[in-house]
Amino acid sequence: MTLDHTYISELAASEGKTVTLKGWLHNKRGSKGLYFLILRDGTGLCQCVVNEGEVDDASWTAADSATQESALAVTGLVRADERQVGGFELQVTRAELIHQAEEYPITPKEHGIDFLMNHRHLWLRSRRQWAIMRVRNRVIMSIHGFFQEQGFIQMDAPILTGNAVEGTSTLFEMDYFDTKAYLTQSGQLHGEAMAMAMGRIYTFGPTFRAEKSKTRRHLTEFWMIEPEMAFYDLAMTMQLAEEMLVRIVADALRDCSEELEVLGRDTAPLERATGPFPRLTYTEAVDLLKSDDTRRMVTEKMAALTDEQDALAAERTDNKARYGQAKKWEKRKMDAREIDIQTRLTDIEEQLRNLPRWQASADAFEWGSDFGGSDETLITWHYDRPIIVHRFPQEFKAFYMKRDPDNDRLALGMDVLAPEGYGEIVGGGERATDLAFLQRQVKEHGLPEEVFTWYFDLRRYGSVPHSGYGLGLERTVTWICGLHHLRETIPFPRTLDRLYP
RNA sequence: UCCUCGGUAGCUCAGCGGUAGAGCAUGCGGCUGUUAACCGCAGGGUCGUAGGUUCGAAUCCUACCCGGGGAGCCA
């Protein structure tokens, strides 16, 4: 198809030529007889220069009256200019106002999170959200590429389910004609059925958890990728998860350098995310958590934070001393810096309060319980790349997990923990294959047997060793983008008390 | 469910018993190369809601509503 306009991302091919750009006004600067229009078209930003003497009256009026987020078609000559975002600018010969925007609520200044969340439909236009959504897109395509290239079949598990698998407390319940239905919490059991039909499959779809969690790591609706493979054991599954993550990160680094730069992501930790990932058993992880190494690490971390705190306080005093004689624009800069310093100091104070608590919780940790968020963080701080923890006590793992043949107290589960405190992004393991064992497990977990009739069939007709895992898309994108909160990684986040917009 | 912080102009915030403020956004004016441009002027408010204390409440107290952060649980 031929278009009557050019995309900003394609400007390099049009240097020296006259093209038309169509988009929205991101920002505008100007002086007498001159406007700089920063145009946004979804592929990038481009500065468009309008000189009053070089365009007709209608074009000048268009430039003059265009407000933030007004829609424009701008024609002009493409010039290389190193100073500009994207490296090019447009010397405008004609400008047309397609739609004059009303006063736009999201200004170029900072906003609070509540306001931004209420305007999520508009917030998506901002540069930072643009970058995150493009990384999300890249990650999604990498995942499909990774599985498709080795012959996995993408299959969809149902979103509406008729029976509660693991209790109803975290399920969204709804009326389904004369009975009850639930939104899926995991496609895993259906994934197993599909793997028995196709060999290796993966699901890619939304998942729902009615957990009353208000944290930076939780959504009530999120996207999960769940591969399930016949004839795979635990070791093969860990290998697969590792290769998938290495691929995702490498693709993001190669194709999203501009996006990561916009986000201010330090890419060094991502560049280290190559295989092999350290693998440690749950027992080894517990030993590490309670070790002198952990104590030393926490002490060092606290010392480093205290040093940073002192440095920031000194900078602040220095700024205050110079504030009096500063020019107005310098004061602005110093005000902005003051906010940064304050934010960082609050962070540091919180960490300094948390670390002793985390250490105490680690000291008190006993073999047999599940890791809390702080335990995971302390364990991952020992490593510079993702790690895989496997072979957990079976008590706190799902009923369908296979037992370790060498130790019946252990389940053949595995978690991949992302570095830098991002924590669990993958959870999975090898599935139990024995019908009698599963029937016993269902009983012991107090689950309704009739729900599992079809699932038990899988162990009646050609039961084979098989494994799988679930990857949380938003958590993965949060880690790659280096974000503080995962709510920015999905276009319209659904949380405990937010269904709008 | 629990702990904690907050709700003042369209936005971000200051004011914390004595006449409601700033920056940005908006409007008008100025500036021919700006980079969150800059300079000047102007409009813009039931200080979350309801009670209470007080001569006087944005400010103190109580309750409720809404939101942020965290815990548990999880991807």
Side-chain angles (χ1 to χ4, degrees), chain A residues 26-38 45 47-54 65 67-69 81 83-85 89 91 101-119 126-127 166-167 169-170 185-188 206-226 327-329 331-333 335-336 338-339 342 346-347 350 353-354 357-358 361 370-374 376 396 398 415-418 422-428 469-479 484-487 489 495-498:
Chain A
H26 182 74
N27 198 3
K28 181 164 103 171
R29 290 179 283 273
S31 57
K32 188 175 172 59
L34 174 69
Y35 276 119
F36 300 98
L37 309 177
I38 312 300
L45 296 176
Q47 172 162 285
C48 305
V49 187
V50 187
N51 289 91
E52 188 173 13
E54 295 172 29
S65 55
T67 48
Q68 190 185 358
E69 290 303 318
D81 188 330
R83 290 168 298 177
Q84 305 311 332
V85 228
E89 70 172 18
Q91 181 60 49
E102 295 176 22
E103 191 178 331
Y104 191 65
I106 302 180
T107 64
K109 291 280 170 175
E110 74 272 8
H111 298 278
I113 193 66
D114 183 42
F115 176 81
L116 289 172
M117 291 292 268
N118 285 333
H119 294 81
S126 76
R127 192 144 168 72
E166 296 172 47
S169 63
T170 61
Q185 274 189 313
S186 161
Q188 192 218 300
T207 309
F208 306 87
R209 303 271 167 95
E211 289 163 359
K212 304 227 174 193
S213 330
K214 278 173 62 172
T215 82
R216 66 183 74 161
R217 298 185 309 281
H218 288 87
L219 294 168
T220 53
E221 176 184 307
F222 63 98
W223 287 68
M224 194 150 69
I225 294 88
E226 296 183 278
K327 298 223 168 69
K328 190 164 179 181
W329 66 270
K331 284 183 176 168
R332 292 262 169 78
K333 285 235 158 71
D335 288 344
E338 172 66 21
I339 291 169
Q342 189 53 53
T346 310
D347 269 8
E350 194 190 319
R353 265 198 315 275
N354 282 338
R357 260 185 261 160
W358 291 5
S361 146
D370 202 359
F371 295 124
S374 69
E376 277 184 4
F396 62 81
D415 286 349
V416 181
L417 307 180
Y422 283 99
E424 186 176 348
I425 52 175
V426 166
Y469 60 84
L471 168 76
L473 178 63
E474 286 76 17
R475 285 192 181 174
T476 304
V477 175
T478 305
W479 165 50
H484 182 69
H485 203 301
L486 95 170
R487 68 188 150 208
T489 62
T495 59
L496 186 55
D497 31 34
R498 193 173 288 280

Problem - A:E69 CD - B:C11 C1' separation (whole Å) - result: 16 Å
Problem - Spacing of the C1' atoms in B:C2 and B:U54 (rounded, Å) - result: 36 Å
Exercise for the section: Look at the side chain of A:E226 and the backbone N and O of A:G187, then say whether any donor-acceptor pair between them is shorter than 3.5 Å. Expected result: yes
Completion exercise
Between CZ of A:R217 and C1' of B:A75 the distance, given in whole Å, is 10 Å
Completion exercise
Of A:F115 and A:Q68, the one whose closest nucleotide on RNA chain B sits nearer the 5' end is A:F115
Fill in the blank from the handout: What one should report as the nearest heavy-atom pair of A:T107 and A:Q68 is CA-OE1, 4.1 Å
Exercise for the section: Would you mind reading off the distance between A:R29 atom CZ and B:A37 atom C1', rounded to a whole angstrom? Expected result: 6 Å
Exercise for the section: Return the 5'-most residue of the pair A:H485, A:D415 with respect to RNA chain B, ranking by each residue's nearest nucleotide. Expected result: A:H485
Handout entry: Spacing of A:L116 atom CG relative to B:U12 atom C1', expressed in whole Å
Key = 11 Å
Exercise for the section: With P as the reference atom in both, quote the distance from B:U8 to B:A50 in angstrom, rounded to an integer. Expected result: 15 Å
Handout entry: Pair assignment for B:C73, Watson-Crick or G-U wobble, requiring both distances under 3.5 Å
Key = none
Exercise for the section: Spell out, as yes or no, whether a donor-acceptor pair under 3.5 Å connects the side chain of A:E474 to the backbone of A:W223. Expected result: yes
Completion exercise
Looking only at B:G33, B:A37, B:C74, the nucleotide nearest the A:D370 side chain is B:C74
Exercise for the section: Determine if A:F36 stacks with B:G33; use a centre-to-centre distance below 5.5 Å and an interplanar angle below 30° as the criteria. Expected result: no
Handout entry: Where A:D415 and A:G427 come nearest, the two heavy atoms and their spacing
Key = OD1-CA, 3.5 Å
Exercise for the section: Just compare B:C74, B:G33, B:U26 and give me whichever is closest to any side-chain atom of A:Q91. Expected result: B:G33
Handout entry: B:G18 versus B:U12 - spacing of their C1' atoms, nearest Å
Key = 28 Å
Practice task
Ignoring the backbone of A:E103, work out which of B:A25, B:G67, B:A75 is nearest its side chain.
Solution key: B:A25
Exercise for the section: Could you tell me whether A:N354 contacts a base, only the sugar-phosphate backbone, or nothing, with contacts defined as non-hydrogen atoms closer than 4.0 Å? Expected result: nothing
Exercise for the section: Confirm from the modelled atom types if A:Q84 and B:U34 form a donor-acceptor pair under 3.5 Å, side chain to base only. Expected result: yes
Exercise for the section: Check whether the side chain of A:E89 and the base of B:G33 form a donor-acceptor pair under 3.5 Å. Expected result: yes
Practice task
Return the minimal non-hydrogen interatomic distance between A:Y469 and A:V426, and the atom names on each side.
Solution key: CD1-CG1, 3.6 Å
Completion exercise
Testing B:A37, B:A75, B:G70 for proximity to the side chain of A:L486, the answer is B:A75
Practice task
Take the protein atom NZ of A:K28 and the nucleotide atom C1' of B:C24, then report the distance between them rounded to whole Å.
Solution key: 17 Å
Exercise for the section: Could you tell me which nucleotide pairs with B:U54 by Watson-Crick or G-U wobble geometry, both distances under 3.5 Å, or answer none if nothing does? Expected result: none
Practice task
Answer with base, sugar-phosphate or nothing: what part of the nucleic acid does A:D81 contact at a heavy-atom distance below 4.0 Å?
Solution key: base
Exercise for the section: Both distances under 3.5 Å, Watson-Crick or G-U wobble: report the partner of B:U4, or none. Expected result: B:G68
Handout entry: Polar side-chain contact A:Q47-B:U34 base: donor and acceptor under 3.5 Å
Key = yes
Practice task
Can you tell me the distance, in whole Å, between the CD atom of A:E424 and the C1' atom of B:A75?
Solution key: 6 Å
Practice task
May I have the distance from A:E376 (atom CD) to B:C74 (atom P), rounded to whole angstrom?
Solution key: 10 Å
Exercise for the section: Tell me what A:G53 touches on the nucleic acid: a base, only sugar-phosphate, or nothing, going by heavy atoms under 4.0 Å. Expected result: nothing
Exercise for the section: Check every strand shown and say whether A:I106 touches a base, only sugar-phosphate, or nothing at a heavy-atom separation below 4.0 Å. Expected result: nothing
Completion exercise
Quick note, A:T107 side chain, CB onward, closest among B:G10, B:C31, B:U34 is B:G10
Completion exercise
Quick note, A:M224 side chain, CB onward, closest among B:A71, B:A75, B:A36 is B:A75
Practice task
Mind calculating the distance between CG (A:L34) and C1' (B:U35) to the nearest angstrom?
Solution key: 13 Å
Exercise for the section: Might you work through the side-chain contact (heavy atoms from CB on, under 4.5 Å) test for A:F115 and A:I106, ending with a clear yes or no? Expected result: CA-CA 9 Å; A:F115 176 81; A:I106 302 180; 4.1 Å; yes
Problem - Span that lies between the C1' atom of B:A25 and that of B:C11, in whole angstrom - result: 7 Å
Exercise for the section: Could you check whether A:F222 gets within reach of a base, just the sugar-phosphate, or nothing at all, counting any heavy atom under 4.0 Å? Expected result: base
Fill in the blank from the handout: Winner on side-chain proximity to A:H218, out of B:G68, B:U12, B:C74, is B:C74
Fill in the blank from the handout: Looking only at B:A36, B:U32, B:A71, the nucleotide nearest the A:T215 side chain is B:A71
Handout entry: Proximity to the side chain of A:R216 - top-ranked nucleotide from B:A71, B:A75, B:G70
Key = B:G70
Practice task
Name the pairing partner of B:C41, where a pair is Watson-Crick or G-U wobble with both distances under 3.5 Å, or state none.
Solution key: B:G27
Exercise for the section: Determine the interatomic distance between P on B:U19 and the same-named atom on B:G27; round to the nearest Å. Expected result: 34 Å
Problem - Separation of the C1' atoms in B:G30 and B:A37, to the nearest angstrom - result: 14 Å
Practice task
In sequence, state the C-alpha distance, the side-chain angles, and the governing distance for A:Q91 and A:N51, and then conclude on side-chain contact (heavy atoms from CB on, under 4.5 Å).
Solution key: CA-CA 8 Å; A:Q91 181 60 49; A:N51 289 91; 2.9 Å; yes
Practice task
Mark yes or no for whether A:Q185, through its side chain, and A:A210, through its backbone, hold a donor-acceptor pair below 3.5 Å.
Solution key: no
Problem - B:G69 OP1/OP2 closer than 4.0 Å to side-chain N/O of A:R487 - result: yes
Practice task
With syn defined as a glycosidic angle within 90° of 0 and anti as everything else, classify B:U19.
Solution key: anti
Practice task
Determine the interatomic distance between C1' on B:C5 and the same-named atom on B:A9; round to the nearest Å.
Solution key: 24 Å
Handout entry: Pairwise C1' distance for B:C24 and B:A14, with rounding to whole Å
Key = 15 Å
Exercise for the section: Kindly say whether A:R217 contributes a backbone atom to a donor-acceptor pair with the side chain of A:R475 at under 3.5 angstrom? Expected result: yes
Completion exercise
For B:A22, the nucleotide meeting Watson-Crick or G-U wobble distances (both under 3.5 Å) is B:U12
Problem - Distance-only donor-acceptor test, A:R475 side-chain atoms vs B:C74 base atoms, 3.5 Å - result: yes
